[in-house]
Amino acid sequence: MQPNYHPASIEQQAQKHWETRQAFRAPDPSDDPQSDKPKYYCLSMFPYPSGKLHMGHVRNYTIGDVLSRYHRMKGCNVMQPMGWDAFGLPAENAALANNVPPAAWTYSNIEYMKKQLKSLGLGIDWAREVTTCKPDYYRWEQWLFTRLFEKGIIYKKTASVNWDPVDNTVLANEQVIDGCGWRSGAPVEKRDIPMYFFRITGYAEELLTGLDTLDGWPEQVKTMQRNWIGKSHGCEIHFPYDMGSVGAAGVLKVYTTRPDTLMGVTYVAVAAEHPLAVRAAATTENPELSSFIEACKRGGTAEAEVAAMEKRGMDTGLFVKHPLTGEKLPVWVANYVLMGYGEGAVMAVPAHDERDFEFADKYGLPVKHVIASQELLSKWEKLTFSLEAEGIEPDHEEIGRSGMFIYLNDVLADLTAAPSDAFIASVNEFAKQLQLESPNTEYGTLVSSGKCNGMGFQEAFDTISADLQAKGLGQKRTQFRLRDWGISRQRYWGCPIPIIHCPVCGDVPVPDEQLPVKLPENVVPDGAGSPLAKMPEFYMTICPQCGKAAKRETDTMDTFVESSWYYARYASPDCTTGMVDERAKHWLPVNQYIGGIEHAILHLLYARFFHKLMRDEGLVQGDEPFTNLLTQGMVVAPTFFREDAHGRKQWINPSEVEVSTDERGRPTGATLKADGLPVHIGATEKMAKSKNNGVDPQAIIDAYGADTARLFMMFASPPEQSLEWSDAGVEGAFRFLKRVWKAVHDHVEKSPPSPPFAKGGEFASEDLSAAAKALRLQLHQTIAKVDDDMGRRKTFNTAIAANMELLNALAKFDERTPVAHSVAQEVLEAIALMLNPIVPHLCQTLWAELRPGSDMLDQPFPEADPGALVQDEIEIVIQVNGKLRGNLTVAKSADKAALEHLALAHPAVEKQLAGAVPKKIVVVPGRLINIVV
RNA sequence: GCCGGGGUGAUGGAACUGGUAGACGUGCCGGACUCAAAAUCCGGUGCCGCAAGGCGUGGGGGUUCGAGUCCCCCCCCCGGCACCA
């Protein structure tokens, strides 16, 4: 055996061996009808082919490969596929920058990245590769689109987009920087255009309740999806127009989850595009109002941007009437109310809503308290008592009408005699409570609300909605926050929407036999408008229904559509007769899905939605596509920069920087390797081009091999946490692999391989020394732990640490007897098997040395030997008042009384007690004794 | 702004179910080997203290015999917010 570890040659050999054996081809049921192995479909989110692999990819695919290889060793028939999420904006950006067609750029990126993925030694079935920009993939997306269009699940309506008035083009949210177009710099406007929508809201209820069945998903992801779907129980309320000011009959509709605060409404706010706002601008001679409404239409459509905006508004001069009291309420236009959300109008209750409060405070609108906290109620009681003491009988009816605060003012104004100090104190206390600087948004008891006074939330909800319903001015309603999914994109590099616009027949779906509608691949976009809309050879066609001249749709689909069903296509990638075939029913659902937490809501929700659409088409079985989900954290690295003469930061790659440290290893500064002059140390951030802190995985693979890259990635942190890149950590991983290599080398060179202790039958337990027994105990504890870490917990860092400890223990075990050699054989074989999912090239090679003639590919995962795990003595901890004071080694069978006795006799305990009598003794069996004095 | 997550030695992290805080790795210190260096191997390493001991998991409070872990408030960092993928 080679004395030194040379990753380059062993990795190449191992990969060649896997290739020759076709080791990772996932057999379909028809290939291997006799197989009784359970299937394990392990899916990693496919990459966008951006050019080269980044560390996030390496991490994602290594996690997937570890789980795949582990399950293979546990006896599963594993499918691990890979493909390309190949449509998207970056290809168009690259086209603008380099004048290359997006297709050519994308295909060459795929070619390079595929080579990189192969060098990582992933156990992928490449025969299942899918590429979403190829017609054999997207034709089925178009096919499903036409089905859904006919079923009415896809429909057309107008929606707002970011419009660049200089480039005459629609901008993505990320192309809007500080409210301006990224290339033109012109202020962005909202523009309404017609778009196709998926009626995902029709599945809102099922998408919500389905989450309860996903036990294998992280709770945080399910919570995010629940909040996103946002089911709420509330009330639709109609505010009749005030004829005098509006000049027309009608009602203003709002939806609220707090109908209990209805008596606290002091104004209503509408979106700039709302009919009432439009009417006010048209009918009043108020140029300020018109210009305010215009100003509201400027800016982008991103919700984060809108929410962060300063809240501004303007009185329209119009009024609506309160549905229960008939009181006139002013109608305001507000920039924080959006036409696309709900009714485009809200009822404002400043006393009990943060946003309304802020707005009312800013514009001096009245605040009317109708929900009392316990604190307020007790103060009110005190005040009533004081009123009575002053000889004033509180008029509760009047309080109900005008509200506590106004009533209180009236009472004070009417006072004839000088009030007592106690009275003034309770008035002040009450008034202070009422005028809190923040609104009370909690549920509470209704006050100043007429017949609802004293009611709690639910009773008031029921009463008020019944009253509204009786008047025909509203009713209870359940609503979702989730909106329908707009999928039209005015872009070139996407899947064409298969619709033909006929002047006679209207929107006609492209018939099956004319699919796919192929995207021309030789186009270079110029950044001004949609290229397809300028290509008559693409859009000129005839209507499939009437045969007259018609125009093809030139919009393409949101790229989220492709990634919503690729997991199903992997099961039957070569199917030419449908989206998927019978094999999808065998492979789905995905047993384990792995990808970034950034996809927690949109991608995962859309994929779940698509699965239900495909199910309803009879294409797949089951209700959910992904049984288990693992969301990996991002890869971060330190940043370094210098400032140029204009104060702009010039980011420097970590590989070009030397960090100096003090005598304790703390960083003291950094210098550029090239000139030795200092650079600034910035924050540790997600690896990104913009901060130039990316580390190229290829450089690591070239220098240390794929196994070191994989080991470091799995060791540095658990998969769900962010991973900090560290050159020293990579060195450490490499060093460990060298130690493993050397341990096996020394072992097999010492004497020829022998059967491992447990398997050989040559030796029995009685032959083992105490040290050998202890080593076997640790070995089998390690096997049990690693099995649990890889299977249940998916914490590969602790699995690796346990193997490191085991190797350290083996290094200290220096017995030279034949039985000791067979124990060492057992330990080394187990280490190779346990590490195989993580560093497969190394373990493949080591196994061949440990067991000549046998192939690692055929080995099962090791199992812990119960016989080796038996312990007769255990260590327990002694605490006094919860503080560690000593420990004891006791027989495992020791009972509670014996433990107490032993603990009290312990010298450290005697010292702490100093003669005092313990108040209480807590004994946790097998763990500790706590003596309380 | 709203929703979700995180914060533990010099450092990446461990502590899984409320039960010995800091496993394992890196760094640093010391030693062996070497003419020397690298590599490798061995030992030490939370902070304060001579020691006994005390303190210590972002900050403040609480529950408990016992809190990194549970509850309340606050600070900071990260992910998502519907046209980045």
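Below, read A as the first sequence line, B as the second, and so on, with proteins coming before strands; counting in each chain starts at 1.
Between B:G19 and B:G54, the distance separating the two C1' atoms is 22 Å to the nearest Å. Comparing the C1' positions of B:A14 and B:G7 gives a spacing of 16 Å, expressed to the nearest Å. If you take atom C1' in B:G31 and the same atom in B:U64, they sit 48 Å apart, rounded to whole Å. Using P as the reference atom, B:G59 and B:C76 are 15 Å apart when rounded to the nearest Å. B:G49 and B:G62 have their C1' atoms separated by 32 Å, with the value rounded to a whole Å. Comparing B:G66 with B:G1, their P atoms are spaced 38 Å from each other, to the whole Å. Here, B:A67 and B:G56 have their P atoms 11 Å apart, quoted to the whole Å. Only the P atoms considered, B:U11 is 27 Å distant from B:G80, to the nearest whole Å.
The 12-atom threshold is not exceeded at NZ of A:K52, counting heavy atoms of other residues, nucleotides or ligands nearer than 6.0 Å. The neighbour count for A:R312 CZ, taken as heavy atoms of other residues, nucleotides or ligands under 6.0 Å away, does not exceed 12.
Counting only Watson-Crick or G-U wobble pairs whose defining distances are both under 3.5 Å, the stems of 3 or more consecutive pairs in RNA chain B are B:1-7 with B:75-81, B:10-12 with B:24-26, B:27-32 with B:40-45, B:46-48 with B:53-55, B:58-62 with B:70-74.
The distance from atom CG of A:L711 to atom P of B:C24 is 16 Å, rounded to the nearest whole Å. Atom CD of A:E219 and atom P of B:C3 are 17 Å apart (whole Å). As rounded to whole Å, 7 Å separates atom P of B:U26 from atom CE of A:M804. In this entry the distance linking CZ of A:F813 with C1' of B:C41 reads 20 Å, nearest Å. When rounded to the nearest whole Å, the span between CG of A:D814 and P of B:C42 equals 12 Å. In this structure, the CG atom of A:D788 is 11 Å from the P atom of B:U17, given to the nearest Å. In this structure, A:L807 atom CG and B:C41 atom P are separated by 10 Å, rounded to whole Å. Following rounding to the nearest Å, A:R927 (CZ) and B:G18 (P) show an atom-to-atom distance of 11 Å.
Among the atoms of the strands shown, none is found under 4.0 Å from any heavy atom of A:K222. In this structure, A:K883 reaches the sugar-phosphate backbone alone: every heavy-atom distance under 4.0 Å involves primed, P, OP1 or OP2 atoms, never a base. Residue-level contact check: A:V932 touches the backbone only, with heavy atoms under 4.0 Å from sugar-phosphate atoms and none from bases. Using a 4.0 Å heavy-atom cutoff across all strands shown, A:A728 reaches sugar-phosphate atoms only and no base atom. At the heavy-atom level, A:N808 lies under 4.0 Å from the strands shown only through sugar-phosphate atoms.
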Enumerate, atom names and distances included, each donor-acceptor pair closer than 3.5 Å involving a side-chain atom of residues 921-929 of chain A, sequence neighbours excluded.
none

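In this structure A:D555 satisfies the salt bridge (Lys or Arg N to Asp or Glu O under 4.0 Å) test with no other residue, sequence neighbours excluded.
Ring geometry for A:F198 versus A:F609: interplanar angle over 60°, hence perpendicular rather than tilted (30 to 60°).
Ranked by how close their nearest RNA chain B nucleotide is to the 5' end, A:Q879 and A:G729 are led by A:Q879. A residue-by-residue look at A:G882 and A:R792 shows that A:R792 has its nearest nucleotide of RNA chain B further toward the 5' end.
A donor-acceptor contact under 3.5 angstrom links the side chains of A:N162 and A:T301, judged on distance only. Residues A:S184 and A:D167 have side chains that never bring a donor and an acceptor to within less than 3.5 angstrom of each other.
A 4.5 Å side-chain heavy-atom check between A:P47 and A:Y61 finds at least one atom pair inside the cut-off. Contact annotation: the side chain of A:I229 approaches that of A:L605 to within less than 4.5 Å [non-hydrogen atoms, C-beta and beyond].
Using a 4.0 Å cut-off between charged nitrogen and carboxylate oxygen, A:E219 and A:K222 count as a salt-bridge pair. Classification of A:K785 and A:E805 as a salt-bridged pair fails, no side-chain N sitting under 4.0 Å from a carboxylate O.
Proximity of residues 735-746 of chain A to RNA chain B (heavy atom under 4.0 angstrom from any strand atom) is restricted to A:R735, A:K738, A:R739.
With its glycosidic angle within 90° of 0, B:G9 is assigned syn.
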All N/O pairs under 3.5 Å across the protein-nucleotides 12-15 of chain B interface:
| from | atom 1 | to | atom 2 | distance (Å) |
| --- | --- | --- | --- | --- |
| B:G12 | O2' | A:A716 | O | 2.7 |
| B:G13 | O3' | A:N797 | ND2 | 3.4 |
| B:A14 | OP1 | A:N797 | ND2 | 3.0 |
| B:A15 | OP1 | A:R793 | NH1 | 3.0 |
| B:A15 | OP1 | A:R793 | NH2 | 2.9 |

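A distance of 10.5 Å separates OG1 of A:T62 from CD1 of A:I594, quoted to the nearest 0.5 Å.
Nearest heavy-atom pair across A:E553 and A:Y196 is OE1-CE1, 3.4 Å.
If you look at A:Y336 and A:F359, their ring centroids are closer than 6.0 Å.
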Would A:T201 and A:D484 satisfy side-chain hydrogen bond (donor to acceptor under 3.5 Å, both in side chains), going step by step from the backbone distance to the final call?
CA-CA 6 Å; A:T201 51; A:D484 278 337; 2.7 Å; yes

Would A:D789 and A:T798 satisfy side-chain hydrogen bond (donor to acceptor under 3.5 Å, both in side chains), going step by step from the backbone distance to the final call?
CA-CA 7 Å; A:D789 283 351; A:T798 52; 2.9 Å; yes

Contact letters for nucleotides 72-85 of chain B, in which S counts primed atoms plus P, OP1 and OP2 and B counts the base, heavy atoms under 4.0 Å
------SBSBBBSB

